Structure formats: C-alpha cells, structure tokens
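Here is the structure we will look at.
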Amino acid sequence: MKEVDARGLSCPEPLMLTAEALKSTSGPVKVLVSEPHQKTNVEKFAKDHGRKAVSTQKGSEFEIVID
Amino acid sequence: MNLSDSKVKLGIAGAVCGIVAAVLAVMGNPGNMAICIACFIRDTAGALGMHQAAVVQYARPEIIGIVLGAFIISVVTKEYRSTAGSSPMIRFVLGMMIMIGSLLFLGCPLRMVIRMSAGDLNAYVALVGFVLGIATGIAALKRGFSLGRSHETNKMNGAVLPVLMIGILVLALMGSALLISSESGPGSMHAPLIIALIGGLVFGAFAQKSRMCFAGSIRDIILMKNFDLFVVIAGLFVVMLVYNIATGNFAFSFTGKPVAHAQHLWNILGMYIVGFAATLAGGCPLRQLVLAGQGSSDAAVTVAGLFVGAALCHNLKLASAAAAPATAEAEAVIGGPSIQGKIAAVICIVVLFVIAFGGNKRSTK
C-alpha cells in the first residue's frame, strides 16, 4: 500500500501529498497526519474524489486509509 | 460539534463571526476596523510599550479572546496539540513581513474583507495583490516548498502564548498603569473590555472549529477548487455588508473611508506581501492566532513576529498614513506609505522570494 507521511506538515501540504499519491495509484493509500483538522481535510478530499476513507487514531496522530 | 462537514454550517460559523465584528463596531471599535487582527496586535504591542505611536496603544481584549477561545475549545474537543519545530525563525520573519505588508495597506486580510463590505474600493484593489501573493506562494508550494515538520513537545510549551495572553488580561482587568492606553485616535476607540473579550472568545472558538483562514480560502480555491473556507469568509462578509447597508455606512468609494489610503500600487504590494507570506506560513494572521491557541508554538512564534513587526512599523515609520480631509486646524492628507515603508516593501518581497524559492524543500523523511 502506498504510504504518505504528512505528520507535522503545515497546510496545505498534507492534502497536496495525498492528491499526488491518489493520482499515482488506483490502489489504496495510507495517509499519516498529526492534526485533527488535517484528518478531516484528507477524509473530505477522498470523499470528494469518490474514494472511501477510514480513519483510526494512533496515539495523538491519525492514520487514514483511502480505498 | 463538527462545523467543517457542511458548507451551511461553515457559512453560519462565518456569519457568527460577522455578527461579533458588527457588535464590536457598534460598541465602539474604530470604523471599518471592528476586529482587525493586524491593527489590534499593533495596538497591543503599543500598550506593552513596544512602540510609542500615541494614537495606537491599547491592549485589545479581542486578541486575547481569540487565542483563549481557540485554546479552550481545542482542549474541550481534544484538538489541543502541543507542537513545535517547523522552521521557527523563518516563521518569525514571515510574521514580521505579514505585519509590514498589512500596515502598508492599513489592515490584515480580515480588515480587507470588512473594508470591502463597506464599499471601500481600495480594499478591492488590495484584494488583487492578496490573490497574486497567494498565487506566488502556491507556485512555491508546487515546487516543493516546505518549512519542515513540527513535532510534539511537552504540553506546557503550547500553552505559553495563552498564558501570556492571560497575563495581559489580568493587567487590563486591574487597570494596571503598566499598560499604555491611547487618549485619542483609533487606540482610544474601543468596545467595553468584557464585551470585547467575550467577542474575541466567541470569534476564536468559531474560527477554530470552522478553520477560518483568509489566505487559506483563496489558496484552496486556486489549488484544490475547494470552496469550503471561502464559504466561511462569505458568511462574515454578508453579515458585515448587511450591517453596513443598515447603518448607512456602505458606499463604493476610494476616498472618505476611515483609516485608509488610495495609493493603489502600495495597497496592492502591501497585500501581495501578506498573501505571499501567509501562504508560506500556512495561514493568515487570524489563523496564526488560532493555531497558537490550539498549541502550535510555530504559530506562536509567527504571532511574536507580528508583534515585533508592528513595533518596527511604528518605530521605523514603515506604516502608511491614513488619508484625511482638511479641517480648520490641518490641511488635507493624501495618505499612503512613507519612503521607509516603500523600501521595506521591496525588501520584504525580495526576502519572500528567497524563502520561497531558495531551497526550503519538503523532505520525504
């Protein structure tokens, strides 16, 4: 699975990296972010592009798997 | 409560912030300023004696309220994260430049929108510069610009700015002589302390939940064709537009507007600097206050840069003068930037290009 590590990056970098990854593969993408608002942004971005996103909290960080 | 899952909720959040701005204007804040972040940080810097411009010194409870409102709501909703370490000194310099650009135009992006809602055509001219600045910042982001990763720090670190704000609030509530207060000019015009504080708390909480950001709203449209953040700004604009029309304050004009000047080139360049620097810093002055409130020391360092930038602007006479009609005692003033302000603007633009395109690249690690 393609992985995007966007932890600690400022907006809009997590979304730019997610968009890049989704463009480069049709398979699932795992995105790691640190901030709750970035988690929401990535989930919404996936939904807006017709993809399903499932998030889990890992400590204080988040892992979003986009199918 | 999640505000960012629907455009209607985001619009309402913006409208609530617009109502706060309108109430503060009614209660005594300066005309077309209402809750300008740059102006109010500049006033607070003056209250702390960081500059001696006698007409713009007042510890604005709105600034304190925004930081504390974002702090409280982020703790309650478990969004508080104490983080630091993403190029703090570059962010400090970006904060300084955001303030220099804002005081060249005479207002931050929030005040630009408030001025637009009153029909101030200079603000529409400045918007062109703001959009161009954001577009330049996006060009840098597309080439891989990054200020690097922040990391979690101990919880107390992220609470330093909120605690400092509480300190200023305590001094203000005690009526301490340590804080300087203007006796005339914009600094002397203010809503009662408690109302201003409550207004700031509400504004900060809604700005935190809606992710309100003036630079981000235009950035997301250009970069992602996403209008979510724009809806928040639109909500605020509509409320202020209704308020201005209802109070007879709305009229399209380049002149006769409070604390404004009609030097088009410098209005454009001022907001170009703000848009460019805010895009590199990840948010406008309001967003920096909110991020600082929710634990980001990097944003708090940017806010410190805003304070020092404000002090520099008045100590070195970089801030523009407002246009003023002739009175019995004084001749009319055209207003606009000083020669020092013009030089500072050119330096800021050069420095921004160096920061944006000079090697601050995203690391894949």
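Quick caveat, the model's predicted, so the values are computed rather than measured.
- When the shell of 6.0 Å around CE of A:M1 is examined, it contains more than 12 heavy atoms from other residues, nucleotides or ligands.
- Heavy atoms of B:L141 lying under 4.5 Å from chain A belong to its backbone as well as its side chain.
- Between the side chain of A:Q38 and the main chain of A:L9, a donor-acceptor pair closer than 3.5 Å is present.
- With values rounded to the nearest 0.5 angstrom, A:K39 atom NZ is found 12.5 Å from A:K44 atom NZ.
- With a 4.5 angstrom heavy-atom cutoff, B:I138 does not touch chain A via any of its atoms.
- Using non-hydrogen atoms only and a strict 4.5 Å limit, the part of residues 280-289 of chain B facing chain A consists of B:G282, B:R287.
- Looking at A:A19, there are no atoms closer than 4.5 Å to chain B (heavy atoms on both sides), in backbone or side chain.
- For B:R149 (side chain) and A:R7 (main-chain N/O), a donor-acceptor pair under 3.5 Å exists by modelled atom type.
- B:R111 is not listed as a side-chain neighbour of B:S102, based on a closest heavy-atom distance of 4.5 Å or more.
- Chain A forms more heavy-atom pairs under 4.5 Å with one residue of B:M224, B:H151, B:Q294 than with any other, namely B:M224.
- For a residue to count as touching a neighbouring chain, one of its non-hydrogen atoms must lie under 4.5 Å from one of that chain's; by this rule A:L15 touches chain B with backbone and side chain alike.
- The interface of residues 56-67 of chain A with chain B, defined by heavy-atom distances below 4.5 Å, comprises A:Q57, A:S60, A:F62.
- Remark: B:S217 engages no residue in a side chain to side chain donor-acceptor pair (under 3.5 Å) (not counting sequence neighbours).
- Chosen from B:K78, B:E152, B:R81, the residue pairing most often with chain A at heavy-atom distances under 4.5 Å is B:R81.
- Distance CZ/B:F130 to OG1/B:T279: 7.0 Å, rounded to 0.5 Å.
- Contact of B:S146 with chain A is made through backbone and side chain together, with heavy-atom distances under 4.5 Å.
- Under the 6.0 Å cut-off for aromatic ring centres, B:F353 and B:F276 qualify, their centroids lying closer than that.
- For B:R211 and B:D228, the salt-bridge test fails: no basic side-chain N is under 4.0 Å from an acidic carboxylate O.
- A salt bridge links A:E13 with B:R362: the closest approach of a Lys/Arg side-chain nitrogen to an acidic carboxylate oxygen falls below 4.0 angstrom.
- You'll find the side chain of A:E43 reaches within 4.5 Å of the side chain of A:S55, heavy atoms only.
- Using a 4.5 Å cut-off between heavy atoms, A:E35 contacts chain B through its side chain alone, with no backbone atom that close.
- For the atom pair B:I37 CD1 and B:C108 SG, the distance stands at 5.5 Å (nearest 0.5 Å).
- Checked against the 6.0 Å centroid criterion, the rings of B:F71 and B:Y80 qualify as a close aromatic pair.
- Near-neighbour residues of residues 295-307 of chain B relative to chain A, defined by a heavy atom under 4.5 Å from a heavy atom of that chain, are none.
- Looking at heavy atoms from C-beta onward, B:I233 lies out of side-chain contact with B:L229 at the 4.5 angstrom threshold.
- The structure places CG of B:L223 at 13.0 Å from CD1 of B:I218, a figure rounded to the nearest 0.5 Å.
- Note that the CZ atom of B:F206 and the CD1 atom of B:I73 stand 8.0 Å from one another [nearest 0.5 Å].
- Contact annotation: the side chain of A:F45 approaches that of A:L22 to within less than 4.5 Å [non-hydrogen atoms, C-beta and beyond].
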